[in-house]
Number of protein chains: 2
Amino acid sequence: MKGKARPPDGNGPRPPDGRPTLKTIAFMTGLGVTTVSRALKNAPDISADTKHRVQLVARQVGYRPNRAGVRLRTGKTNVISLLLNTDEQLMGFISDIIYGVSQELAGTPYHIILTPYSARSDPMDPVRYVVETQSADGIIISRTEPHDARVKYMTERQFPFATHGRTNMDIDHPWHDFDNQIFARNAVRCLAERGRSRLALLAPEPTLTYYRHMTEGFAEGLAASAVTEVPFRSVWVDQPIDDIRDRTAELLRRAGRPDGIVCGSGTSAFALVSAIEQCGLALGEDIDVVTKQSTKLVQMFRPRLIVVNEDFRLAGRELARALMGRINGRPTAELQSLSIPGGVVEPPEVPRPATVSLDTRLTAAMPK
Amino acid sequence: MKGKARPPDGNGPRPPDGRPTLKTIAFMTGLGVTTVSRALKNAPDISADTKHRVQLVARQVGYRPNRAGVRLRTGKTNVISLLLNTDEQLMGFISDIIYGVSQELAGTPYHIILTPYSARSDPMDPVRYVVETQSADGIIISRTEPHDARVKYMTERQFPFATHGRTNMDIDHPWHDFDNQIFARNAVRCLAERGRSRLALLAPEPTLTYYRHMTEGFAEGLAASAVTEVPFRSVWVDQPIDDIRDRTAELLRRAGRPDGIVCGSGTSAFALVSAIEQCGLALGEDIDVVTKQSTKLVQMFRPRLIVVNEDFRLAGRELARALMGRINGRPTAELQSLSIPGGVVEPPEVPRPATVSLDTRLTAAMPK
DNA sequence: GCTCCAGACTGAATCGATTCAAATGCGTCC
DNA sequence: GGACGCATTTGAATCGATTCAGTCTGGAGC
């Protein structure tokens with residue numbers, strides 16, 4: 001007999017903290033822990049009878065596997081990490097993504113952990129941290145770049161991830177994206193149809209992949225409608241709104257000012273409109289603005305804004321679905337989806353707009 | 001010799017996955033794991049010499065304790081759970097709280113886990129889940145009620161938590177709150193000074209504690225300034241903005257409409273202003289609105305809004321600080337803080353407002 | 001009667017950190 | 001010289017779930 005420091009645990013029905021463990025169930029059923037463990041995961045070498053019995057008891061006592069135990073033994077954390085940039089003006093955008101992700105993860109054992117970072121330090125840091133310490137089974141990132149170091153890093157290490165936005169690398173990975181190219185193209189066409197001929201684009205940061213999509217779509221629109229561009233490339237949607245407003249006002253006071261603006265984010269539309277009014281121009285008369293929106297707030301204020309909805313809850317759901325798919329070894333082709341802008345919502349004739357809700361269709365088939 | 005299935009691990013410098021463990025360091029230093037473990041936490045019975053050596057090696061190899069190991073053995077998760085209601089219009093509010101919390105937690109081993117819930121199901125569910133499964137060391141909740149079942153539950157189980165908002169129970173617990181009573185009182189005074197005499201209040205949901213603070217402050221203001229109230233109690237700040245707008249428009253078209261409104265949230269101010277303009281009234285002339293704001297977006301649009309800043313990042317920091325304090329056993333008195341509204345920012349004379357940044361002082365002393 | 005085998009089940013090791021109880025080394029004191 | 005105390009250090013058990021390598025039972029096959 002090996003000198004036990006204390007007599008072995010009496011195997012009583014429950015440990016002191018009250019939570020049932022495998023041992024509890026083993027004791028109650030008179031089986032061994034191994035059998036219980038295997039019975040709960042429907043292993044083939046356990047008799048159907050035993051499985052039922054074990055599962056019944058487990059349900060009765062409210063058994064839930066101890067996460068630390070599983071994690072220590074298997075390395076599986078049942079956690080997915082949401083990397084989020086904390087220095088942007090996110091405006092409900094984040095909470096919608098979070099909501100979508102958690103919707104998709106409800107009913108699974110997954111927890112969502114937030115890993116905040118600031119662009120002021122190295123964006124690789126949080127990725128490295130999660131991968132190295134294996135603190136999650138997968139990561140969702142946004143602000144994706146054409147050649148994204150994070151994507152390269154995680155791919156090399158075979159660490160599951162999904163990106164909000166696409167890359168331009170020879171790496172095939174799960175992603176979800178909003179089709180900003182179509183958005184910009186349609187926006188230009190819409191402005192052209194309203195007789196606007198001198199258009200500016202308030203684009204995202206040039207380092208991000210969707211900058212390219214948006215500028216390309218914008219250029220295509222210009223070419224198709226024979227309208228001209230008023231360059232407005234020194235300011236981006238993620239900059240502080242005061243800056244955007246000031247630069248916009250500057251633009252509008254210059255000779256040859258635009259009579260139409262395509263705006264890449266709902267938040268910056270506030271700044272645009274503010275600048276327009278500050279310059280004494282009338283939205284919808286002297287100038288039109290087409291913008292993406294994720295809440296109805298902007299349009300509530302200014303019914304004459306032309307808006308296209310971007311559904312971030314959908315994005316959250318799709319990203320979670322893509323990441324889960326990767327973790328479960330599904331083929332990458334199933335894990336890429338593109339959200340097509342539902343269409344441009346033109347301002348209604350009546351001052352009081354009816355609320356317009358748009359379908360957003362996906363190119364990739366949705367299960368169920 | 002007990003029949004080992006496989007020869008014992010060669011104790012090689014590192015396990016296959018590359019992460020150093022206590023064993024790795026024990027091997028490198030020639031010490032036992034126990035010594036290494038104790039040396040790393042500065043136990044008094046380890047010689048200074050050994051401590052230095054162990055800590056040096058640990059730093060060199062980039063040792064980080066395995067969270068699952070610690071958690072399994074000690075029950076400490078190093079996780080705090082942020083409960084969040086997913087059916088509100090949160091508008092950047094959430095991301096600011098998150099930012100504040102993560103700011104405070106940076107440099108600690110704590111991770112932030114999100115536990116979303118919908119008010120449509122039982123708000124106790126997520127609390128019970130976290131407490132029962134011990135999936136976090138502490139919880140931060142918001143939407144606090146005067147008699148909050150969650151507070152009672154967690155207190156009974158001695159589970160650490162902090163609330164955003166106060167309670168009215170005979171339970172002393174960590175909290176952070178914004179002084180909505182002072183806010184409302186000052187708002188009324190401000191409106192009275194501008195010659196407004198018929199005031200309405202857009203209050204929060206009556207079940208929440210801060211409904212009382214805000215209505216009391218409002219009532220005090222009324223009494224002090226001899227202005228009258230126009231009842232507007234069938235609508236709350238957290239309702240869908242379309243509803244708020246519609247009800248406000250209704251109110252404004254009624255005889256004896258208010259000439260001043262105090263608004264309890266930045267988001268709903270959008271709806272108020274929209275309704276005002278829709279009714280053909282001019283903000284700042286026919287009617288004044290005092291509102292809380294957490295971003296500058298509202299005021300950017302309507303410089304004539306009168307605003308008071310509410311800093312949610314500060315709230316996040318304070319909540320995290322309070323919860324950490326509780327977990328570390330500090331006295332509750334240190335863990336309660338009230339954010340005093342910095343003052344009412346009246347609209348500037350010039351059309352283009354300078355950005356006004358307000359101090360927010362705390363009644364409780366801040367450490368450091 | 002014997003072996004062999006499949007089916008059902010289980011003991012014991014394992015993941016990494018903590019901690020109890022004990023061991024070791026060494027200098028002191030009577 | 002031997003017992004004692006002090007400062008250090010360490011083996012082994014422990015947390016809960018998983019899994020390798022068995023064991024045990026009963027029936028089939030020769």
Side-chain angles (χ1 to χ4, degrees), chain A residues 1-9 11 14-27 29-54 58 63-78 109 133-135, chain B residues 1-9 11 14-27 29-51 53-54 58 63-78 109 133-134:
Chain A
M1 190 203 276
K2 293 164 277 172
K4 298 227 170 184
R6 212 176 293 179
D9 181 349
N11 262 2
R14 295 194 181 202
D17 71 348
R19 278 191 67 188
T21 70
L22 285 186
K23 213 159 152 188
T24 315
I25 300 176
F27 176 80
T29 54
L31 296 163
V33 266
T34 307
T35 313
V36 173
S37 173
R38 313 219 67 218
L40 287 175
K41 41 174 57 65
N42 261 306
D45 61 348
I46 305 292
S47 71
D49 193 50
T50 305
K51 280 185 203 169
H52 287 142
R53 212 155 54 88
V54 169
Y63 170 75
R64 285 171 181 282
N66 178 307
R67 308 189 121 236
V70 175
R71 179 164 170 179
L72 180 57
R73 179 64 228 239
T74 66
K76 188 138 204 295
T77 62
N78 285 310
T133 64
Q134 291 168 125
S135 49
Chain B
M1 189 202 279
K2 294 164 275 175
K4 300 226 169 183
R6 216 176 290 177
D9 182 348
N11 262 2
R14 292 189 184 206
D17 73 347
R19 280 189 66 188
T21 70
L22 284 186
K23 214 161 153 188
T24 315
I25 299 176
F27 176 80
T29 54
L31 296 163
V33 268
T34 307
T35 314
V36 174
S37 173
R38 314 220 67 220
L40 287 175
K41 42 174 55 67
N42 261 306
D45 60 350
I46 304 292
S47 71
D49 193 47
T50 304
K51 281 186 203 168
R53 213 155 54 87
V54 169
Y63 170 76
R64 285 171 181 284
N66 178 306
R67 309 190 121 233
V70 176
R71 180 164 170 179
L72 179 57
R73 179 65 227 243
T74 65
K76 186 137 207 290
T77 62
N78 284 310
T133 65
Q134 290 169 127

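Lettering of chains follows the sequences in order, A, B, ..., and the numbering in each one begins at 1.
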Have a look at A:Arg67 and tell me which of A:Leu72, A:Asn78, A:Thr77 forms a side-chain contact (heavy atoms from CB on, under 4.5 Å) with it. A:Asn78

Among B:Thr21, B:Val54, B:Ile46, B:Thr50, which one satisfies side-chain contact (heavy atoms from CB on, under 4.5 Å) with B:Val36? B:Val54

Whether B:Ser47 contacts D:dA7 is assessed here as follows: a side-chain N or O lying under 4.0 Å from the phosphate OP1 or OP2. Is that the case? no

Distance below 4.0 Å between B:Thr50 side-chain N/O and D:dT9 OP1 or OP2: yes

When you measure from the side chain of [X] to the backbone N and O of [Y], does any donor-acceptor pair fall under 3.5 Å?
{"X": "B:Arg64", "Y": "B:Arg19", "answer": "no"}
{"X": "B:Thr29", "Y": "B:Ile25", "answer": "yes"}
{"X": "A:Thr74", "Y": "A:Val70", "answer": "yes"}

Would you kindly give the [atom1]-to-[atom2] distance between [X] and [N], to the nearest whole Å?
{"X": "A:Leu22", "N": "C:dG11", "atom1": "CG", "atom2": "P", "result": "14 Å"}
{"X": "A:Arg53", "N": "C:dA8", "atom1": "CZ", "atom2": "P", "result": "14 Å"}
{"X": "B:Arg67", "N": "D:dC15", "atom1": "CZ", "atom2": "P", "result": "22 Å"}
{"X": "A:Lys76", "N": "D:dG16", "atom1": "NZ", "atom2": "P", "result": "21 Å"}
{"X": "B:Arg73", "N": "D:dA17", "atom1": "CZ", "atom2": "P", "result": "16 Å"}
{"X": "B:Ile25", "N": "D:dT10", "atom1": "CD1", "atom2": "P", "result": "14 Å"}
{"X": "A:Leu72", "N": "D:dT19", "atom1": "CG", "atom2": "P", "result": "13 Å"}
{"X": "B:Asp45", "N": "C:dT18", "atom1": "CG", "atom2": "P", "result": "14 Å"}

Rounded distance [0.5 Å steps], CZ in A:Arg71 versus CG in B:Asn66: 7.0 Å

Rounded to the nearest 0.5 Å, what's the gap from CZ on A:Arg38 to CG on A:Leu31? Could you check? 13.5 Å

Tell me which nucleotide among C:dA17, D:dC15, D:dT9 gets nearest to the side chain of A:Lys23. D:dC15

Could you please name the option among C:dC9, D:dT18, C:dG16 that lies closest to any side-chain atom of B:Thr21? C:dG16

Under 4.0 Å, heavy atom to any atom of DNA chain D: which of residues 31-42 of chain A qualify? A:Thr34, A:Ser37, A:Lys41

